[in-house]
Amino acid sequence: MSVLKICTKSFAASLGRQSERSVKKIYRISSSFRTFSTEGKLEYDLVVIGGGSGGLACAKEAVAQGARVAVLDYVQPSPRSTKWGLGGTCVNVGCIPKKLMHHASLLGEAIEDARSFGWRIPGNAEIDWLAMRDAVQDHIKSVNWVTRVSLRDNKIEYVNGRGRLADANTVVATLHNMKEVLLKTKNVVVAVGARPKYSTAIGAQELGISSDDIFSLEKPPGKTLVVGGGYIGLECAGFLNGFGYPSTVMLRSVPLRGFDQQMASMVVNEMEGRGVNFICKCVPESLSKTPDRRILVKWNTTPGANGGSGQGEDVFDTVLFAVGRKAVTDSLALEKAGVETHKETGKIFTTNEQTNVPNIFAVGDVLHRKPELTPVAVQAGRLLARRMFGNDKTLMDYDNVATTVFTPLEYGFVGLSEEESEKRHGPENLEVYHAFYKPTEFPIPQKDMSNCYIKVICLRREPRTVLGMHFVGPNAGEVIQGFSAAMKCRITMEQLLDTIGIHPTVAEEFTRLTITKRSGMDPNPQACCS
Amino acid sequence: MAKFLQLAASRAFTTSLQRLRNVFTVSDSETFMEKVLNNDVPVIVNFHAEWCDPCKLLTPKLEELVVPLPGIDLAIIDVESCPELVQAFEVKAVPAVIAVRSGLVVDKFIGLVDAQNIEDFIKKLSKQMQTNAT
């Protein structure tokens with residue numbers, strides 16, 4: 001019961017009287033929060049290991065369905081000793097700070113663009129890294145706090161400790177003071193997510209940083225080498241470059257591997273146009289400290305690769321490794337319950353989020369072969385809880401999940417890449433509509449439009465179901481979101497082209513597609529409104 | 001009222017001591033019990049967070065207004081350091097300010113309010129104190 005309510009009731013009843021009862025009540029409430037200072041063998045319907053997007057969504061839904069739930073969350077400090085609070089990767093070292101820094105970076109560009117629209121702006125805009133970082137970190141801390149409050153409000157026990165299995169019904173949490181708490185539970189959900197890998201280059205762990213560190217970096221990153229051409233690497237290089245820090249991306253093979261490669265090349269072209277340097281088909285061999293405390297990186301061609309930038313070396317202020325993420329399953333002692341995981345990746349094999357052990361489940365980035373995205377983890381976690389404790393039998397649909405790469409010019413898509421569509425249906429059964437377009441606001445500040453491109457892949461036979469929609473341009477996330485709902489309804493090309501666009505927007509370009517790749521006609525825009 | 005001003009004037013030269021005496025931080029329930037609930041004078045309790053911009057405006061303003069008042073204390077609680085108190089008072093947003101007198105919560109407000117509202121809040125608390133003293 002709320003102390004506040006108690007006190008005001010007493011106050012109304014007895015003005016000015018010292019209330020021993022209120023004092024005792026407050027003391028009782030405060031001592032009840034020290035539940036884990038004693039033995040603590042506690043019984044639960046569900047223990048969730050991992051307080052990130054998937055874990056928290058699952059826990060909250062489980063409680064809503066009447067289950068008794070505990071959530072464990074623990075952050076192993078990065079090799080650079082970076083730590084963070086409750087909320088998982090997304091809140092602390094992922095989506096949220098990434099989007100904020102991407103936005104901050106674009107604002108710098110907008111300030112310059114503003115001049116051509118008539119704004120008088122004295123001097124040149126310069127980023128104050130620490131001020132920007134502090135603003136982002138303050139926001140993250142407020143989210144950490146709201147998350148904690150929300151757990152309490154939902155009556156979910158929160159244990160800030162490192163979880164592992166003792167057996168299929170027992171989770172052991174090791175607290176900061178090394179005390180252990182045993183939680184007996186009917187079910188376990190593993191939602192521990194993943195952490196950045198480092199390259200095997202000499203000196204990588206000692207001198208490099210990862211996405212765990214960049215968002216709270218205590219000094220401006222300066223001239224930066226980003227190793228890795230996945231979306232994390234490209235997004236980081238993108239915003240760092242936008243802030244004015246000379247940035248280089250080193251790709252082992254291709255950018256955005258697994259993504260539509262034509263769209264990936266647009267994204268890379270745009271970044272190159274903005275001054276990001278790309279070193280192709282190379283891997284770092286060694287990192288070493290220079291006398292002036294910078295980092296000398298030596299690299300060579302990727303073993304087995306043809307062509308590429310070739311051997312080289314250069315000095316950087318910061319080296320950021322974005323070479324993949326590894327599931328945090330090693331320390332979970334999953335073998336104590338017999339849970340099967342992938343030998344190399346450590347990810348957990350599941351069917352409908354259930355592992356090979358009937359009462360042990362998993363959601364989020366820790367799952368084998370599922371999209372590593374917050375909304376996917378959230379939805380999967382929620383539906384899982386409903387199946388476990390409610391009457392809903394709905395399964396998670398991992399298909400047609402829209403996503404966006406937040407590079408300076410963003411890439412949003414939903415559905416299949418052209419490569420995957422060809423693999424599944426054969427190129428002769430596909431029609432690919434495409435177009436370059438000119439955002440209305442771009443010509444005045446003379447922004448480069450050569451990478452503003454969209455593509456829709458559909459089946460050639462009736463009904464011409466849309467298989468994939470791809471968009472490179474500003475606000476790609478906002479543009480694509482609505483179309484993912486259309487994809488869920490199995491929208492056909494006819495329906496898409498029958499849709500009337502909003503003018504002037506960039507999203508309307510999807511309703512104006514006429515040219516197919518097969519026709520060989522020029523996909524460049526002619527005039528504006530016709 | 002005259003008595004009040006006299007008291008205020010006589011303590012003016014010990015402002016720094018007052019600063020130590022009537023503004024303090026609380027980081028655990030025991031201190032809260034001792035210095036807020038069992039305090040002879042009314043206490044304004046300010047739930048504050050370092051990452052919260054409105055808090056950075058409100059807390060100094062509260063300090064500025066409370067320091068010269070002989071009969072009111074100000075307790076500042078960092079929400080990160082004291083989750084039990086945060087939960088006991090159901091603090092869901094910061095800044096949150098409650099007024100405690102004789103172990104009872106007698107008033108509260110949430111969010112950054114303008115200077116006039118803060119002054120009225122404090123005045124109301126000291127008026128109650130005076131009423132009871134006479």
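Heavy-atom basis, side chains included; hydrogens, waters and symmetry copies ignored. So that the names make sense, note that chain A is the first sequence line, chain B the second, and so on, each numbered from 1. All values derive from a computational prediction rather than experimental measurement.
For B:V79, the parts lying near chain A are the backbone and the side chain together; criterion is any non-hydrogen pair under 4.5 Å.
To the nearest 0.5 angstrom, B:E84 atom CD is 8.5 Å from A:R152 atom CZ.
Looking at heavy atoms from C-beta onward, B:K92 lies in side-chain contact with A:D153 at the 4.5 angstrom threshold. The shortest distance between side-chain heavy atoms of A:W145 and B:V94 falls below 4.5 Å.
Atom CD of A:E126 is surrounded by 12 or fewer heavy atoms from other residues, nucleotides or ligands within 6.0 Å. Heavy atoms from other residues, nucleotides or ligands lying under 6.0 Å from CG of B:D40 number 12 at most.
Counting all heavy atoms, side chain and backbone alike, B:E80 lies closest to A:R148 at OE1-NH1, 3.7 Å. Annotation for B:V91 and A:V149: closest pair O-CG2, 4.1 Å, computed over non-hydrogen atoms. Annotation for B:K56 and A:D138: closest pair NZ-OD2, 3.7 Å, computed over non-hydrogen atoms.
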